[in-house]
Every structure is written in structure tokens, then in C-alpha cells.
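Right, one structure below, let's go through it.
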Protein chains: 2
Amino acid sequence: MSDNSPDFTVSLRAAGLRPTRQRVALARVLFEGGHRHVTAESLHAEVKATRMPVSLATVYNALNQFRDAGLLREVVVAPGRSYFDTNIGHHHHFYVETDGELYDFPSADVVVAGLPAPPEGTRLSRVDVIVRVRR
Amino acid sequence: MSDNSPDFTVSLRAAGLRPTRQRVALARVLFEGGHRHVTAESLHAEVKATRMPVSLATVYNALNQFRDAGLLREVVVAPGRSYFDTNIGHHHHFYVETDGELYDFPSADVVVAGLPAPPEGTRLSRVDVIVRVRR
DNA sequence: GCAAGTCTTTAGAATGCTTCTAAGGTTCTT
DNA sequence: AAGAACCTTAGAAGCATTCTAAAGACTTGC
């Protein structure tokens with residue numbers, strides 16, 4: 001590596017994933033800029049635009065693997081509408097129902113207090129807060 | 001009406017829906033007992049068990065209409081997994097990811113404070129809190 | 001560096017959930 | 001009761017996602 005771009009080969013390997021051409025190309029698009037909200041379709045279109053041949057099935061596979069590895073977070077906002085969020089820190093979402101847009105907001109100032117204890121025999125996985133708005 | 005069962009004919013009409021045989025049968029199953037979480041499939045099975053012929057398409061139509069009329073609330077917990085909740089009061093949900101179960105909990109004691117203002121030009125529609133747990 | 005082994009990608013088929021179509025039935029209005 | 005409006009239906013279609021099995025790419029051991 002002679003440039004200063006992040007070495008996705010290393011991070012993929014650290015996540016237990018072989019750094020294949022497609023996975024590296026996908027990681028670049030996903031993690032090279034700021035935080036992103038992508039769908040499988042939108043990511044597929046973006047990566048193909050970089051002239052790297054990738055099938056839609058591979059995009060789905062990679063998104064699921066990245067999510068399972070903790071590199072992405074999945075946000076389901078409506079039936080058949082699921083986003084992958086590159087921001088894995090604590091934060092919540094605005095979802096604009098009228099046009100399907102999703103925006104992050106930091107959880108810093110948001111207080112979710114008074115949650116009851118989880119049902120017997122379960123442990124907390126995550127608390128999702130989706131603030132739904134309309135135009 | 002000679003018995004003491006709620007008159008769904010009236011409530012359907014109040015919601016702007018013709019009280020057809022199928023809609024009345026669906027309303028009965030949905031609203032006659034305590035609060036329910038149903039899927040289209042589970043409701044279809046239940047209504048057919050009452051010997052009222054109803055197609056799956058009609059169940060989908062009715063669920064969407066009931067939701068649009070404010071009689072039901074839709075909760076999307078995972079891609080391709082959507083519940084309809086007969087509890088339309090303020091409350092939130094536990095979702096047991098490992099077995100797909102959904103439980104209500106009242107919002108009475110839960111405080112969600114410090115939410116940022118909605119994006120320009122939008123108005124608040126609803127705040128969904130889903131507490132995800134695993135076994 | 002090469003061969004063998006393992007994992008990955010792929011196109012296309014398949015799945016699962018939901019909506020659409022258009023034909024026939026039901027409910028409402030007068 | 002007749003006409004108009006609306007609803008239900010089976011089956012087809014649609015959309016997002018996953019599966020299949022065959023070909024290709026990465027890795028390991030030599």
C-alpha cells in the first residue's frame with residue numbers, strides 16, 4: 001500500500017472475512033467517507049459504478065456478514081424497507097415516512113429511562129428508537 | 001342484536017368501512033378479547049377456523065384498512081416480519097429476536113426525553129421504541 | 001510458486017410476503 | 001327492487017431476499 005487509504009484487507013480479516021475483491025470494493029464504498037445509510041440495491045448500483053463487477057446476491061451476502069461482524073447496523077423502518085447504517089455508535093433515527101429518508105441523531109441527549117426488566121430468561125440486545133415524521 | 005357482544009357493524013361504519021361479513025368476522029377475532037399481536041397469516045388461520053370463508057388477500061386488505069383507520073398499529077420488527085397490534089394506546093415493545101415474539105409494555109414509566117427537533121418541514125408522527133432481547 | 005483445499009461469487013431459480021387484476025358477489029341508496 | 005358503488009376472490013404478479021450448484025478466487029503447505 002503506497003497511498004493513505006484505509007486498509008480494508010486488514011479490517012475484513014480482523015472480522016473473520018476473506019478480503020475478496022468484491023468485499024474490499026464494498027467496504028471502500030461503505031466506509032471510506034462519512035456515515036452512510038444504504039439499501040442492498042443502492043449499494044449494488046454504487047459499486048457497479050466503480051466498474052467492479054458484483055452481483056446483487058454478493059451484496060446481500062456481504063451486508064449480512066458485515067452486520068453480523070458488527071461493522072454495520074441494520075434498521076428496519078417499514079415492511080420491505082431495510083437500511084444498513086455504517087454508524088455503529090449509539091444513536092437513533094428519524095424516519096421520514098412520506099419519502100423514505102432516514103437520518104441519524106446522536107443519543108447523547110436522549111434519555112430512555114424507566115424501561116421494565118426484560119422478560120424472564122432474556123438479555124438485552126439493543127434499544128431501537130425510531131422517530132417517525134411526515135412532511 | 002340480542003346478545004352483549006360489541007357491535008362491530010357500528011365501529012366499522014364509524015371508520016368509514018362497510019361492515020361486510022369478512023370484515024366483521026376479522027374485527028371479532030381481533031377486538032373481542034384482550035390485546036393481540038397478529039400477522040396476516042395467523043389471523044387468516046384464526047378466522048378460517050371460525051368457518052367464515054376469507055381469502056388471504058382480504059385479510060391483507062382489511063389489516064391495511066384497519067391500520068389506516070387507526071384501529072390497529074403496525075409494528076415492523078425485522079425484514080419481512082410485521083405484526084399488527086390491537087393495542088393502539090401509548091406503549092412500546094419487547095421483541096425477542098431469537099424466537100420472534102413480541103410483547104407490549106406500557107409507556108407510562110418510560111421517559112423518552114431530549115429528542116431533537118424533527119427535520120425542517122416535517123411533523124412528528126410517532127415515536128417507536130423497540131427493546132430487542134435474546135434468549 | 002504451485003497444487004490442493006477451502007471459501008466466495010455468480011446467474012438464475014426459488015422463496016416468502018404482499019399487492020394487483022378483473023370477474024363475480026355484496027351492500028347501500030333511492 | 002334496481003342501479004350504483006363497493007368488496008371479495010383466486011390466481012397471477014411483484015418485490016426483496018435467499019438458495020443452488022457450478023465456476024472462480026484466496027490461502028495454506030510444500
Side-chain angles (χ1 to χ4, degrees), chain A residues 7-29 37-48 50-69 71-72 74-84 100 102, chain B residues 7-29 37-48 50-69 71-72 74-84 100 102:
Chain A
D7 189 346
F8 293 109
T9 294
V10 170
S11 27
L12 285 173
R13 225 185 285 274
L17 298 168
R18 277 192 187 172
T20 64
R21 299 156 177 284
Q22 318 28 229
R23 292 209 273 230
V24 170
L26 289 163
R28 253 202 280 271
V29 171
H37 292 140
V38 302
T39 63
E41 283 289 354
S42 76
L43 181 59
H44 186 219
E46 269 193 86
V47 174
K48 281 205 307 196
T50 70
R51 315 187 111 288
M52 162 65 63
V54 188
S55 74
L56 187 55
T58 294
V59 174
Y60 275 104
N61 289 340
L63 284 172
N64 289 334
Q65 291 152 351
F66 290 5
R67 178 204 53 212
D68 292 347
L71 304 173
L72 289 176
E74 187 169 10
V75 186
V76 184
V77 292
R81 190 163 195 95
S82 162
Y83 285 101
F84 288 87
L102 191 67
Chain B
D7 189 346
F8 293 109
T9 295
V10 170
S11 28
L12 286 172
R13 226 185 286 272
L17 298 167
R18 278 193 186 171
T20 64
R21 299 154 179 286
Q22 331 7 239
R23 292 209 273 231
V24 170
L26 289 163
R28 253 203 280 269
V29 171
H37 292 140
V38 302
T39 63
E41 283 289 352
S42 76
L43 180 58
H44 186 217
E46 270 194 86
V47 174
K48 280 205 306 194
T50 69
R51 315 187 110 288
M52 163 65 63
V54 187
S55 75
L56 186 55
T58 294
V59 174
Y60 275 103
N61 290 339
L63 284 173
N64 290 334
Q65 292 152 349
F66 290 5
R67 177 203 53 212
D68 292 347
L71 303 173
L72 289 176
E74 186 169 11
V75 186
V76 185
V77 292
R81 191 165 195 93
S82 160
Y83 285 101
F84 288 86
L102 191 68

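Side-chain atoms are counted along with the backbone in the values below, which use heavy atoms only and exclude waters and symmetry mates. Quick caveat, the model's predicted, so the values are computed rather than measured. Order of the sequence lines sets the chain letters (A, B, ...), proteins ahead of strands, with each chain counted from 1.
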(message) Reading DNA chain D from 5' to 3', where do the contacts with chain A start and stop? Cut-off is 4.0 Å to heavy atoms.
(response)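 Both ends considered, the range comes out as D:dA16 to D:dT27.
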
From the list [options], which nucleotide is the closest neighbour of the side chain of [X]?
| X | options | answer |
| --- | --- | --- |
| A:R18 | C:dT8, C:dT9, C:dC28 | C:dT8 |
| B:R21 | C:dT27, C:dT10, C:dT18 | C:dT27 |
| A:T20 | C:dT27, C:dG12, C:dT8 | C:dT8 |

(request) Could you tell me whether the side chain of B:H37 and the main chain of B:L102 form a donor-acceptor pair under 3.5 Å? (result) yes

Roughly, in whole Å, what's the span from [atom1] in [X] to [atom2] in [N]?
| X | N | atom1 | atom2 | answer |
| --- | --- | --- | --- | --- |
| B:E41 | C:dG16 | CD | C1' | 9 Å |
| A:L63 | C:dT9 | CG | C1' | 15 Å |
| B:Q65 | C:dT19 | CD | P | 11 Å |
| B:Y83 | C:dC17 | OH | P | 11 Å |
| A:Y60 | C:dA11 | OH | P | 15 Å |
| A:L26 | C:dT8 | CG | P | 14 Å |
| B:R67 | C:dT18 | CZ | P | 11 Å |
| B:N61 | C:dT19 | CG | P | 8 Å |

(request) Answer yes or no: is there a side-chain heavy-atom contact under 4.5 Å between B:L26 and B:V59? (result)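 Side chain of B:L26 against side chain of B:V59, heavy atoms only: contact under 4.5 Å found.
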
(message) Quick check: do A:T39 and A:Y83 have side-chain heavy atoms less than 4.5 Å from each other?
(response) yes

(message) Could you report the tightest heavy-atom contact between A:L56 and A:A40, atom names first, then the distance?
(response)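 So the minimum-distance heavy-atom pair works out to CD1-O, 4.1 Å.
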
(message) Go nucleotide by nucleotide along DNA chain C from the 5' end; which of B:R13 and A:S55 gets its closest nucleotide reached first?
(response) A:S55

(request) For A:P79, report the nucleic acid contact type (base, sugar-phosphate, nothing); a contact means any heavy atom under 4.0 Å. (result)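 If one applies the 4.0 Å heavy-atom cut-off, A:P79 turns out to touch nothing in the nucleic acid.
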
(message) So if I apply the side-chain contact (heavy atoms from CB on, under 4.5 Å) rule between B:F84 and each of B:N64, B:L71, B:L43, which one comes out positive?
(response)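 Of all the options given, the one that passes is B:N64.
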
(request) Considering just the side-chain nitrogens and oxygens of A:R23, establish if one lies under 4.0 Å of OP1 or OP2 belonging to C:dT9. (result) yes

(request) Report the residues that fulfil salt bridge (Lys or Arg N to Asp or Glu O under 4.0 Å) with B:E74, sequence neighbours left out, ordered by chain and then residue number. (result)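 Scan of B:E74 (salt bridge (Lys or Arg N to Asp or Glu O under 4.0 Å), adjacent residues dropped) gives B:R67.
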
(request) First locate atom CZ of B:R23, then atom CG of B:N61, and finally report the distance between them rounded to the nearest 0.5 Å. (result)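 So the CZ of B:R23 and the CG of B:N61 are separated by 8.5 Å.
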
